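Since the model is a prediction, treat every value here as computed from it, not as a measurement.
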Amino acid sequence: GGDWSVVNLPNFEDRHFYTMVSSAVDKAGNPQSQFFFAVNNSSVSFYADKAAPAITFNTPPSGDYYTKSMANVTGLVIDPNIVLDPNMTVSAGVSGGANVLVQVKYFEAGTTYYWDGSNNFNTPGGGCPNCTEALAWESPLGYQINGPSSGSWTYSNGGIAVKWLPAKNYTIAARGRDNAYPAQNISSSFTIANVVYDLSWPTATVTGPSNLTPAKAVALTSGTVLDNFDGVASVALVISYVQAGTSYYWNGSTFAAGAYQSVPAVVAAPGSVNTTWNYTDADLSDWTNFGISYREYIVHAVAADRAGNVHVAGTTSTFVLDNRVPTGTATRPTANALVTSGHNFYGPANPLGDILGNSNDQNSYPAGYPTAEASKVEARIKRDGAGSLVWNACQSGCTWTGADIWQTVVGTSSWNYDITRITSMPPNAFNGLGWDSNRRMSVEVRVTDLVGNLSTLTTQYFTWDAVLPTSD
């Protein structure tokens, strides 16, 4: 007797049942008797399983995954059954954690760091010789049998659930290998990349309207948003005001009392770590139609990143919407005029002198805002009646003109229209002005406040009389 082997085997096909039968013949040509034939001794039957197991992840569920909470790596492994008849299903099978291999790594500054299975993410240069692409594979410690050839695996090696490093971008790979003999079928690695773990929240800033500023109208609220690592996902705005002790919140269509509401802003570049946001809504007409006389609004911006970190405190901008017009008037020429028959008279004998007046803004802004006051006062002298023209204040010669000319005066709350601005001649020397004698003149005044509200015109009248009386 002696041992024998078959070296010229056929190409076995996957998922097929085979039987090999051996029969001995001696040197004399005598064949083996059927009496000595034994099943599984003189013959062997086997199934050809050439397919590797399939492996999937449960946690993390996929690549391009952003999270603020990492845990053990888990998944499923299954070696598909070969169905020969309704009563028999077979495959090489998987039966435990040894049928799974897992690798965890991240790449930073040109270096790949592998989980060493015990305590750290490391490199060969850091004292971990197995921390290489070929060797940094481990079987998971946890395994639960789900069926004849499948199971759930849990990679908790080294307490990795609490040892993930934040602000890192991980790549996690897994392989399945079955119990085929004499060599296991090993799957290619199933890899999920861009698994981002981050614990820092982004910060949104409101840049417009600026904090503690008044405005006449606001068409757009906007700002910047910064994140440290994984990128901005969204910015939510809480827009509100308080009236008679009740808070009103903008819900996208109206301001409603009571319930806290937010609306989404448009992020210019989602996923960026440095971008801008804005919000405009045609329904938010209160801010643009000049219908609100006076009200203080609060814009609160809250940013969230792709990992789900939310800057709950947010940032706030408070502004006043102001559509109250200022007031202004001229106190002189009324003062010091010679009054006859209800008319104010000026002339060479009663010089006009400086035109004086005052202005006032109706508002008083809250603490921290600029003082509510006029930013500009303008005045002009106008000739009354037919051929009504405006005095050009000797800007291009001294003349009356049909142009809409205004002169910005000196001062605001108390202002002064210097007489030398009316004429290029010395004060009180009006003889060469060419003003019509006995023609009624008007001094018109208008005031602009800090936000651009323009007052209605106020007018004071006087009569210019440059003709000397005569006597017989």
Side-chain angles (χ1 to χ4, degrees), residues 53 55-77 94 96-146 151-177 186-203 226-233 271 273 304-312:
I55 195 160
T56 59
F57 288 93
N58 287 339
T59 57
S62 64
D64 295 322
Y65 178 69
Y66 300 83
T67 183
K68 60 180 180 179
S69 177
M70 291 292 284
N72 293 324
V73 182
T74 65
L76 299 173
V77 62
V94 291
N99 295 112
V100 178
L101 294 170
V102 179
Q103 181 188 85
V104 182
K105 62 185 179 182
Y106 70 85
F107 183 79
E108 186 175 76
T111 301
T112 302
Y113 296 82
Y114 296 88
W115 178 245
D116 64 8
S118 60
N119 194 49
N120 296 301
F121 286 91
N122 213 333
T123 65
C128 177
N130 288 338
C131 290
T132 66
E133 191 66 25
L135 299 178
W137 295 88
E138 286 191 313
S139 292
L141 296 178
Y143 189 87
Q144 178 180 334
I145 296 174
N146 293 341
S152 299
W153 53 268
T154 299
Y155 185 80
S156 59
N157 303 31
I160 193 173
V162 295
K163 295 179 180 177
W164 298 95
L165 301 177
K168 298 290 185 286
N169 186 326
Y170 293 94
T171 297
I172 305 173
R175 292 174 176 169
R177 54 185 181 181
I186 302 177
S187 69
S188 58
S189 63
F190 178 29
T191 301
I192 53 175
N194 198 35
V195 176
V196 179
Y197 176 47
D198 184 28
L199 294 177
S200 298
W201 58 67
T203 302
L226 304 174
D227 191 36
N228 71 314
F229 186 70
D230 60 301
V232 177
V273 296
D305 64 18
R306 292 190 289 182
N309 298 298
V310 179
H311 187 205
V312 178

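Here the side chains of Asn99 and Trp153 are not in contact, with every heavy-atom distance at 4.5 Å or above. Phe121 is listed as a side-chain neighbour of Val104, based on a closest heavy-atom distance under 4.5 Å. Side-chain atoms of Thr171 and Phe107, non-hydrogen and from C-beta on, never get closer than 4.5 Å to each other.
Judged by distance alone, the side chain of Arg306 and the main-chain N or O of Asp230 form a donor-acceptor pair under 3.5 Å. Within the 3.5 Å criterion, the main-chain N or O of Leu76 finds no donor-acceptor partner in the side chain of Asn58. Remark: the backbone N or O of Gln103 is not paired with any side-chain donor or acceptor of Trp115 at under 3.5 angstrom.
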Q.
Before you tell me yes or no, could you show the steps for Val195 and Tyr106 under side chain to side chain contact (heavy atoms under 4.5 Å, CB included), namely the whole-Å CA-CA distance, both residues' side-chain angles and the distance that decides it to 0.1 Å?
A. CA-CA 9 Å; Val195 176; Tyr106 70 85; over 6 Å; no
Q: For Thr123 and Tyr113, run side chain to side chain contact (heavy atoms under 4.5 Å, CB included): C-alpha distance rounded to whole Å, both residues' side-chain angles, the deciding distance at 0.1 Å, then the answer.
A: CA-CA 5 Å; Thr123 65; Tyr113 296 82; 3.7 Å; yes
Q: Could you give me the CA-CA distance, side-chain angles and deciding distance for Val94 and Tyr143, then say whether side chain to side chain contact (heavy atoms under 4.5 Å, CB included) is met?
A: CA-CA 11 Å; Val94 291; Tyr143 189 87; 3.8 Å; yes
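Note that NZ of Lys68 and CH2 of Trp201 are 10.5 Å apart. Values are rounded to the nearest 0.5 Å. Cys131 contributes atom SG, which lies 5.5 Å from atom CG of Asp116 (distance to the nearest 0.5 angstrom). Within the model, atoms CD1 of Ile192 and OH of Tyr65 stand 9.5 Å from one another, a figure rounded to the nearest 0.5 Å. The line from CG of Asn119 to NZ of Lys163 is 4.0 Å long, rounded to the nearest 0.5 Å. In this structure, CG on Asn122 lies 11.5 Å from OG1 on Thr111, to the nearest 0.5 angstrom. A distance of 5.0 Å separates CE in Met70 from CD1 in Ile172, rounded to the nearest 0.5 Å.
Asn72 and Thr74 share no side-chain donor-acceptor pair at under 3.5 Å. Side-chain contact check for Tyr66 and Asn194: at least one donor-acceptor pair (N or O, by modelled atom type) lies under 3.5 Å.
Every residue meeting the side chain to side chain contact (heavy atoms under 4.5 Å, CB included) condition with Ser69, not counting sequence neighbours, appears here in chain and number order: Thr67. In this structure Lys105 satisfies the side chain to side chain donor-acceptor pair (under 3.5 Å) test together with Glu133, sequence neighbours excluded. With sequence neighbours left out, Tyr170 forms a side chain to side chain donor-acceptor pair (under 3.5 Å) with no residue at all.
Closest non-hydrogen pair, Ser139 versus Asn157, comes out as O-ND2, 3.1 Å. In this structure, Tyr114 and Ala136 approach most closely via the heavy-atom pair CD2-CB, 3.7 Å. The minimum heavy-atom distance linking Tyr197 with Leu165 is given by the pair CD2-O, 3.4 Å. Taking both residues in full, the closest heavy atoms of Arg175 and Ile55 are given as O-CD1, 3.4 Å, listed atom of the first, atom of the second, then distance. For the residue pair Asn309 and Pro202, the shortest heavy atom distance occurs at O-CD, 3.5 Å. Considering all non-hydrogen atoms of both residues, Pro53 and Ser187 come closest at O-CB, 3.4 Å.
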